[in-house]
Amino acid sequence: MAAQLPYPEIAQIFARFRAAEPEPKGELEHSSAFTLLVAVALSAQATDKGVNLATRKLFAVADTPERMLALGVEGVTEHIRTIGLFRNKAKNVIALSQRLIDAFGGEVPASRAALQSLPGVGRKTANVVLNMWFRIPAQAVDTHVFRVANRTGIAPGRDVIAVERAIEDQVPAPYQQHAHHWLILHGRYVCKARKPACAACLIREYCRYEEKNL
DNA sequence: ATCCCGAGGG
DNA sequence: CCCTCTGGAT
């Protein structure tokens, strides 16, 4: 592999993120590895606000694989109908619960391969669970991270795998654990898809996006 | 019309 | 690689 070009100000960028938010958290509500896994699996093409509304009702009656199975696909569907892609997701939540019981003793596994063997769990969801629950500095690249990494030039890449590797290669070790949430929160509230709030951006002086797009 | 903490199938 | 699933927000 050729040496990566270092982003010159990357340490300063993350120092600013950390100063503004020392312990960045995700915004998906959960109380266990299982409820986190389900919440993340439900979050595809949905706002986390909408996911939280649905999971509050769902987890009130089913916060374990066993209780989820007792609800059945129909029961899960009733609770998550307001989330996008709800039919597939309801099926996945039940199948995932069944497989957790059959193959993993009802526990959420701590490896990416095992997580990705669960129905409805892809690389991004697996990385989020590894990062948030197991404290492994895995880099989940969702729509926000992908956009921010490319726009700012922090970790450019044509696809999510390339961006994931770029973050691992470019972001200094002390910032790896929280890089995911810093980037995602920055993308959600400042470096937005439609109208990026460049005037309010903490790292504006390190970013060339605004001048290139005006 | 476009986007939201994507994944699976063809 | 492409397509489909899907409701709600902007």
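Any value given below was found using the heavy atoms of this structure, including those in side chains, with hydrogens, waters and symmetry copies removed. A, B, ... follow the sequence lines: proteins, then strands. Residue 1 opens every chain.
- Counting to the nearest Å, the C1' atom of C:dT4 and the CG atom of A:N92 are 14 Å from each other.
- Once rounded to the nearest 0.5 Å, the distance linking NE2 of A:H181 with CE of A:M132 reads 4.0 Å.
- Summarising the geometry of A:R147 relative to A:K192, their closest heavy-atom pair is NE-C, 3.7 Å, with the distance given to 0.1 Å.
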Per-nucleotide protein contact along nucleotides 5-10 of chain C, 5' to 3', at a 4.0 Å heavy-atom cut-off (B base, S sugar-phosphate only, - neither), is BBBSBB
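- Within 4.0 Å of A:G26, counting heavy atoms only, lies at least one base atom of the nucleic acid.
- With a 6.0 Å radius and a threshold of 12 heavy atoms from other residues, nucleotides or ligands, A:R158 has its CZ atom at or below the threshold.
- Nucleotides C:dC1 and B:dC4, compared at atom C1', are 24 Å apart to the nearest Å.
- Remark: P of B:dC5 and NE2 of A:H178 are 20 Å apart, rounded to the nearest angstrom.
- Rounding to whole angstrom units, OH of residue A:Y189 and P of B:dC4 are separated by 13 Å.
- Under a hydrophobic clustering in which Ile, Leu, Val, Met, Phe, Trp and Tyr are joined whenever their side-chain heavy atoms come within less than 4.5 Å, directly or via other members, A:L185 and A:L28 fall into different clusters.
- Rounded to whole Å, the separation between the P atoms of C:dT6 and B:dG9 comes to 14 Å.
- Spacing between B:dC5 and C:dT10 at atom P, rounded to whole Å, works out to 12 Å.
- Residue A:R188 places none of its side-chain N or O atoms closer than 4.0 Å to OP1 or OP2 of B:dC4.
- Here A:T55 contributes atom OG1 and A:D48 contributes atom CG; the two are 9.5 Å apart, rounded to the nearest 0.5 Å.
- Taken to the nearest 0.5 Å, the CD1 atom of A:I167 stands 5.5 Å off from the CG atom of A:L183.
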Run the numbers on A:R87 and A:T77 for side-chain hydrogen bond (donor to acceptor under 3.5 Å, both in side chains), then give the verdict.
CA-CA 7 Å; A:R87 271 181 269 269; A:T77 301; over 6 Å; no
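- Residues from residues 111-150 of chain A with heavy atoms under 4.0 angstrom of DNA chain C: there are none.
- Distance CG (A:D159) to P (B:dA7): 14 Å, rounded to an integer number of Å.
- For A:L185 and B:dC4, the CG to C1' distance is 15 Å, given to the nearest whole Å.
- Checking A:N52 against A:E27 by side-chain atom types alone, no donor-acceptor pair falls below 3.5 Å.
- Using atom C1' as the reference point in both C:dC5 and B:dC3, the two lie 16 Å apart (nearest Å).
- Counting heavy-atom neighbours within 6.0 Å of A:E107 CD, excluding the residue itself, gives a total of 12 or less.
- Nucleotide B:dC3 holds its C1' atom 12 Å from the CZ atom of A:R151, rounded to whole Å.
- Atom pair A:L28:CG and B:dC4:P shows a separation of 15 Å (rounding to whole Å applied).
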